[in-house]
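Single-structure report; data block below.
Below, chain A is the first sequence line, B the second, and so on; all start at residue 1. Predicted model only: the values in this text are computed from it and were never measured.
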Number of protein chains: 2
Amino acid sequence: MTDRLQPDAVDAILAQWKRERPDLDASPMGPIGRIMRCSALLQRRLGETFSTFGMSAGEFDVLATLRRSGAPYCLSPKALFSTLMITSGTMTHRLQRLEANGWVLRVPNSQDARSMLVQLTPAGLELIDRAVEVHIETERAILALIEPTSVTALDVHLSALLSELERPDCEAPVKGGR
Amino acid sequence: MTDRLQPDAVDAILAQWKRERPDLDASPMGPIGRIMRCSALLQRRLGETFSTFGMSAGEFDVLATLRRSGAPYCLSPKALFSTLMITSGTMTHRLQRLEANGWVLRVPNSQDARSMLVQLTPAGLELIDRAVEVHIETERAILALIEPTSVTALDVHLSALLSELERPDCEAPVKGGR
DNA sequence: TCAAACTATCTTGAAGTCAAGACATATGAG
DNA sequence: CTCATATGTCTTGACTTCAAGATAGTTTGA
């Protein structure tokens, strides 16, 4: 194991496995455990911003996906739940909440009568434009906790891993109704 | 942005924000989005192993925490839910499921009549000892998708970030009853 | 043209999680 | 010793998510 300045929770876990199961090489738990634990802690921190704006992380994701798709800020539920890696039923519920808050609107899809399209309202657009600014600043502050060179290195190597995990022949399927 | 061999989903998101909100520097979304997206995909893959053994990821976490604490494989619910970053209510439910499966047992705590201690049964010990071996091999196979030097770099820099995120003055509180 | 296969969405029921608070016990200041 | 406060666990109710399947509309191939 590489020497580090400060031990983290994962170091403690690895030390315990080493003591209890010296026959195992548990080292893969290091990077993978750290990714998952960082993710959990990040979600907690970023969630504080979202509640400031009266929304959940999931709602932010939907609004942000619509916003960055560009005018007229209109996508199908299918496009949304595929992008967000959630099931169609979950998307139905999220859209109900967002619609009840007046942040999105469902408009008929003239191309396909099976589906409605989901469109950002002016209030939704205004909200996500403000929220994303605060969100990015929060993220920037978090990354400022470590060296800029570490941030760059993380980005490069995480991208390599993510590219592999996203390969269609590796990925587990998402249930969208069949 | 650093050039990479293959674009991933986060590259696409950053490009969309660049087009729609050129006034924002969304670059912090890169590393943070990749951590969270890798984590989601990893959870999905690792979950397949757990269901092979008839358990959920959460149940694996509890059994593994007890196992690596060493003989007599006995911890308080408080110690478990603090370690696992979940609430006390969630732990109550997990322990009920684990107890119903015969993998843990609740024994009286002579030191503190408010609490029972949770102990791995022989069946639970045998199960987690087999499951953790498969789990580690799955993790090893995933990390083998990228260069060994990338794995090492990831580990070092994630540890730096995790250490910062875990500092008590930064962390959001966990609700355990007050 | 028509039926079979496919697709997009929603519904339903089960499971897991959390926040808040109830309850019993423990601790410590006086 | 006693009471106020702190602590550990469980309960409750709401919310979110998922898997499976129902429903309605679309596409394809003969």
Can a salt bridge be assigned to the pair B/Arg37 and B/Asp8 using a cut-off of 4.0 Å between side-chain N and carboxylate O? no
Counting any heavy atom closer than 4.0 Å, what does B/Ser115 reach on the DNA or RNA strands: base, sugar-phosphate only, or nothing? sugar-phosphate
Of all the choices, C/dT12, D/dA24, D/dG8, which nucleotide is nearest to the side chain of A/His93 once you look at every atom? C/dT12
Check the pair B/Thr49 / B/Thr52 against side-chain hydrogen bond (donor to acceptor under 3.5 Å, both in side chains), numbers first and verdict last. CA-CA 5 Å; B/Thr49 301; B/Thr52 299; 5.8 Å; no
Length of the line joining B/Leu95:CG and C/dG16:P, which is rounded to integer Å: 13 Å
Stepwise, does the side-chain contact (heavy atoms from CB on, under 4.5 Å) test hold for B/Gln119 with B/Arg106? CA-CA 6 Å; B/Gln119 182 167 33; B/Arg106 298 167 103 94; over 6 Å; no
To the nearest angstrom, how far is B/Leu75 atom CG from D/dT9 atom P? 11 Å
Spatial distance of atom OG (B/Ser39) from atom CG (A/Leu158) [nearest 0.5 Å]: 11.0 Å
Taken to the nearest whole Å, CD/A/Gln43 to C1'/D/dT16 is 13 Å
Rounded to the Å, how far apart are B/Leu84 CG and C/dT17 C1'? 14 Å
Whole-Å distance separating the NZ atom of A/Lys78 from the C1' atom of C/dT9: 10 Å
Determine, for B/Asp25 against B/Lys18, whether the closest basic-nitrogen to carboxylate-oxygen distance falls under 4.0 angstrom. no
Of all pairs that satisfy side-chain hydrogen bond (donor to acceptor under 3.5 Å, both in side chains), the ones with a partner from residues 94-103 of chain B, not counting sequence neighbours: B/Glu59-B/Arg97
Would you indicate, yes or no, if C/dT17 has its OP1 or OP2 atom less than 4.0 angstrom from a side-chain nitrogen or oxygen of B/Thr87? no
Does A/Arg94 place a side-chain N or O at less than 4.0 Å from the phosphate oxygens OP1/OP2 of D/dT17? yes
Measure from CZ on B/Arg114 to P on C/dT25 and round the result to the nearest Å. 10 Å
Atom CZ of B/Phe81 and atom C1' of D/dT9 are separated, to the nearest Å, by 8 Å
Any idea which of C/dT11, D/dG8, C/dT17 is nearest the A/Gln96 side chain? C/dT11
Mind checking A/Ser56 for me? I need base, sugar-phosphate or nothing, with any heavy atom below 4.0 Å counting as a touch. nothing
Of the residues in residues 97-113 of chain A, which ones touch DNA chain C at a heavy-atom distance under 4.0 Å? A/Arg106
I want to check something: taking the side chain as every heavy atom from C-beta on, are B/Met29 and B/Leu14 in contact at a cut-off of under 4.5 Å? yes
What integer distance in Å separates B/Leu80:CG from D/dT9:P? 9 Å
Against the side chain of B/Ser88, the closest entry in C/dC10, D/dC10, C/dT17 is D/dC10
